[in-house]
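Encoded as structure tokens, the structure appears first; notes follow it.
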Number of protein chains: 4
Amino acid sequence: MGSTPQARRGDTRQRIQDVALELFGEQGYEKTSLREIAERLEVTKAALYYHFKTKEDILISIFQDLARPLDELLDWGRGQPRTLETKQELVRRYSLALENALPLFRFMQQNQAAMSHLRPGETLKDRMLAMSDLLRDPEAPLTDQVRGLSALFVMHTAQFAMQHLEADPEEKRKAILEVALDLLAQANAREKPGASEAPDAPNIPDTPDAR
Amino acid sequence: MGSTPQARRGDTRQRIQDVALELFGEQGYEKTSLREIAERLEVTKAALYYHFKTKEDILISIFQDLARPLDELLDWGRGQPRTLETKQELVRRYSLALENALPLFRFMQQNQAAMSHLRPGETLKDRMLAMSDLLRDPEAPLTDQVRGLSALFVMHTAQFAMQHLEADPEEKRKAILEVALDLLAQANAREKPGASEAPDAPNIPDTPDAR
Amino acid sequence: MGSTPQARRGDTRQRIQDVALELFGEQGYEKTSLREIAERLEVTKAALYYHFKTKEDILISIFQDLARPLDELLDWGRGQPRTLETKQELVRRYSLALENALPLFRFMQQNQAAMSHLRPGETLKDRMLAMSDLLRDPEAPLTDQVRGLSALFVMHTAQFAMQHLEADPEEKRKAILEVALDLLAQANAREKPGASEAPDAPNIPDTPDAR
Amino acid sequence: MGSTPQARRGDTRQRIQDVALELFGEQGYEKTSLREIAERLEVTKAALYYHFKTKEDILISIFQDLARPLDELLDWGRGQPRTLETKQELVRRYSLALENALPLFRFMQQNQAAMSHLRPGETLKDRMLAMSDLLRDPEAPLTDQVRGLSALFVMHTAQFAMQHLEADPEEKRKAILEVALDLLAQANAREKPGASEAPDAPNIPDTPDAR
DNA sequence: TATGAATGAGCTTTCATTCAT
DNA sequence: TATGAATGAAAGCTCATTCAT
């Protein structure tokens with residue numbers, strides 16, 4: 001429906017991933033049966049097995065596609081100097097990445113359990129920890145490390161928690177990003193004398209143009 | 001082994017919940033079979049049905065037990081004036097609650113999907129949103145609302161993200177709490193002129209006894 | 001049909017084995033589906049899984065039951081002196097065992113492939129080789145070793161090859177046994193000088209009551 | 001590897017048979033899937049269907065190739081007088097045939113079940129019975145008939161049973177052949193007085209009362 | 001307060017086979 | 001002389017659930 005059989009030729013693999021992404025995101029991996037996926041695509045279960053070796057294979061292939069932008073961001077981050085500017089840029093890019101990756105993150109959250117026994121290094125958790133390692137300074141006081149981490153996680157959870165708030169999505173994203181950058185600045189206030197030198201300047205800069 | 005058959009008398013219901021909590025937390029609700037639970041308890045599957053009507057019943061019963069402290073905290077919060085102090089106290093108590101509720105929160109996170117179709121008002125998400133409504137001021141600028149929410153969520157995610165950091169757990173908890181209270185203070189800086197206007201009063205109180 | 005549900009209580013496991021033995025023997029293990037077995041028993045497939053963990057488990061359990069008499073014979077043989085008399089007795093007992101074990105040997109022959117990857121020591125082949133080691137003298141000339149082995153195998157193959165001969169089964173068995181004992185005697189003729197050197201002493205003892 | 005794509009031109013049919021022979025011999029017909037065969041040949045399953053109409057067709061084609069030498073031997077035997085000499089020659093030729101036909105006999109043994117429902121006259125069993133009819137004299141006493149049959153079957157089973165014996169294969173074959181010829185001679189002792197009455201009577205006495 | 005025995009529905013996966021290209 | 005893409009049927013197996021005892 002909506003696409004003729006002819007139009008489907010050659011894109012079945014992609015269509016399987018799309019439908020699976022959607023269903024795994026809605027119901028979770030375990031609850032979603034291959035029958036369900038096949039029916040929605042109007043193909044047989046066996047057709048799925050022409051394109052993927054196992055059900056888990058579908059999961060993995062989706063995950064890898066979704067994780068690629070994140071991996072690229074991590075690679076970029078690792079190649080940069082560990083300055084505040086780098087961190088800010090990481091957070092900004094991450095925020096943008098999140099914007100149109102919401103479905104995947106729904107998918108991830110729903111399927112943590114299913115993916116936790118994949119090969120190490122293959123999970124979202126690994127990526128998140130790698131990311132937070134770029135944002136946090138192991139020498140800094142614990143509170144500042146927490147702020148570094150939080151800059152990252154706030155972007156996830158806030159986006160989620162504000163879903164039901166009726167405000168312009170872009171407004172929301174910017175507000176969240178501002179808070180994240182704020183946390184980052186606070187986390188680095190002490191080690192950046194140039195920024196914190198104003199005698200009574202609060203360790204929270206007013207970030208007038210945070211974006 | 002570890003508990004004699006005699007010792008088991010009469011506490012089977014509790015033992016089922018304990019084992020289920022553990023397995024649901026590790027593998028997720030869908031992936032955990034009643035056979036597995038029964039085997040670990042060295043009883044038959046049929047025995048589980050003496051104590052619970054369905055598998056979902058086990059899930060619900062666990063959830064309700066775990067949610068009770070949170071519900072009490074919410075009730076308390078709703079009865080208090082909507083002041084910064086109340087919010088701070090909410091966050092402090094929540095932090096303490098989290099401390100020994102980690103297994104359950106693992107359980108919740110793993111099983112969001114499984115519980116999302118329970119009766120509305122029965123989910124963790126509902127509780128979290130209720131909680132964040134107590135911490136956020138709908139009149140305030142978006143950024144400050146984000147800070148309010150974040151005070152709450154930071155406690156979850158940071159605790160999780162710092163799991164692999166080898167530092168005293170209590171130290172970690174305090175550092176996280178401090179950041180959470182910080183966010184709360186910043187969120188309320190503008191609407192609490194009395195607190196933030198003092199020229200040298202940092203908007204981050206030093207919370208010397210934050211605990 | 002033929003047995004009421006009540007009468008079946010408690011003997012399902014045995015009935016599964018019986019039917020499986022029959023079908024595995026007729027069609028082979030791979031070709032026989034659990035559905036087929038279940039249908040013939042008028043139970044569901046799931047019922048089979050209450051009694052056996054896997055399909056292979058059914059195969060193994062049948063095999064072990066069938067192999068027991070053979071194992072006992074082997075044990076007996078190992079405890080006896082390695083004399084001609086012992087060997088003759090082994091062959092005689094083996095012949096008797098074969099008599100009412102024909103269905104199982106059909107089963108074995110049909111399912112060699114299916115059982116060849118069982119745990120070593122678990123196969124019929126292992127038993128046969130152990131048996132032939134009791135009948136063969138590694139010091140003897142090759143031809144005599146062949147005769148020793150053949151005494152054993154002749155009993156299998158001849159019984160099979162004469163199936164379509166219309167003669168009294170007991171007559172056939174005795175004829176086959178006689179040939180087997182013959183081979184045995186010939187195999188041991190040289191190493192039993194006392195028995196074979198007497199000018200007119202036949203190297204085939206008169207075993208008057210061979211049965 | 002081992003054969004370049006060029007070298008493969010035009011011999012695909014043969015290569016399919018070779019691989020199938022090997023896999024059917026190792027795992028049995030039912031357990032071997034067309035996918036497995038195709039993968040090993042690095043072609044697609046569909047390619048198999050260009051060369052053979054069905055899976056069973058592959059089985060049959062292999063069988064027919066393998067059975068041809070046997071059929072020729074049978075034809076030759078049927079054209080000869082039913083003398084001891086003929087029988088001896090049959091056995092000698094059969095022994096030689098077996099020598100480099102071991103893989104096929106493995107194949108046959110593994111796949112008796114699979115082939116038992118082929119058109120009658122198409123099975124190995126049929127050939128074996130035809131062969132044994134040439135070696136056995138229906139008028140002779142049962143014991144002698146058994147000896148006739150055994151001359152044939154001994155060659156199969158002994159070869160198999162001596163696989164793990166570390167001796168020169170040719171030595172083994174000769175020893176087995178000798179025993180087979182021996183059995184044949186004994187089987188025909190009575191009806192061929194000229195052959196057995198010679199003064200230097202063989203070590204096979206006429207076993208007058210063996211029963 | 002449990003167990004033994006079973007069921008019906010559904011699961012993931014594999015199979016031999018087909019056919020347009 | 002093949003391949004890519006698919007199918008219909010069936011396989012082995014697991015699951016939550018039931019019920020007489």
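Labels below follow one simple rule: chain letters A, B, ... track the order of the sequence lines, proteins then strands, and each chain is numbered from 1.
- Going from atom NZ of C:Lys45 over to atom P of F:dC15 covers 15 Å, rounded to whole Å.
- Shown here for A:Asn111 and A:Gly25, the closest heavy-atom pair between the two residues is OD1-N, 4.4 Å.
- We find that CG of C:Leu48 is positioned 19 Å from P of E:dG4, with the value rounded to whole Å.
- Taking 4.0 Å as the cut-off between side-chain N and carboxylate O, A:Arg40 and A:Glu36 do not count as a salt-bridged pair.
- For D:Lys55 and A:Thr54, each mapped to the nucleotide of DNA chain E holding its nearest heavy atom, the one lying further toward the 5' end belongs to A:Thr54.
- Between the CZ atom of D:Phe52 and the C1' atom of E:dA16 there is a distance of 15 Å, given to the nearest Å.
- How far CD1 of B:Ile60 is from OG1 of B:Thr54: 6.5 Å, rounded to the nearest 0.5 Å.
- Proximity of D:Thr12 to the phosphate of F:dT1: no side-chain N or O atom is located under 4.0 Å from OP1 or OP2.
- Taking only side-chain atoms of B:Thr44, from C-beta outward, the nucleotide of F:dT7, F:dA6, E:dT3 with the closest atom is E:dT3.
- A:Leu21 is not listed as a side-chain neighbour of A:Gln17, based on a closest heavy-atom distance of 4.5 Å or more.
- In this structure E:dA20 sits in a base pair with F:dT3, meeting the Watson-Crick or G-U test at under 3.5 Å.
- Toward the 5' end of DNA chain F, the nearer of the two residues C:Lys53 and A:Ala47, judged by each one's closest nucleotide, is A:Ala47.
- If you take CD1 on D:Ile58 and OH on D:Tyr29, they are separated by 8.0 Å, rounding to the nearest 0.5 Å.
- Of the side-chain N and O atoms in B:Ser33, none sit less than 4.0 angstrom from OP1 or OP2 of F:dT14.
- Mapping D:Ala46 and A:Tyr49 onto DNA chain E by nearest heavy atom places A:Tyr49 closer to the 5' end of the strand.
- In this structure, the CZ atom of A:Arg35 is 13 Å from the P atom of E:dA9, given to the nearest Å.
- Here F:dG12 sits opposite E:dC11 as a Watson-Crick or G-U wobble pair (both hydrogen-bonding atom distances under 3.5 Å).
- Spacing between atom NZ of A:Lys31 and atom C1' of F:dA16 amounts to 12 Å, rounded to whole angstrom units.
- Proximity of B:His51 to the phosphate of E:dA2: a side-chain N or O atom is located under 4.0 Å from OP1 or OP2.
- The closest side-chain heavy-atom distance from C:Ser33 to C:Lys45 is not below 4.5 Å.
- Summarising the geometry, the separation between CD on D:Glu39 and P on E:dC15 is reported as 10 Å, rounded to the nearest angstrom.
- Remark: nothing in residues 18-30 of chain B comes within less than 4.0 Å of DNA chain F through any heavy atom.
- Taking atom CZ of B:Arg13 as the reference point, atom C1' of E:dA2 lies 16 Å away to the nearest angstrom.
- Rounded to the nearest 0.5 Å, atoms NZ (A:Lys125) and CD (A:Gln112) are 9.0 Å apart.
- The interatomic distance linking A:Tyr50 (OH) with E:dC19 (P) rounds to 17 Å, in whole Å.
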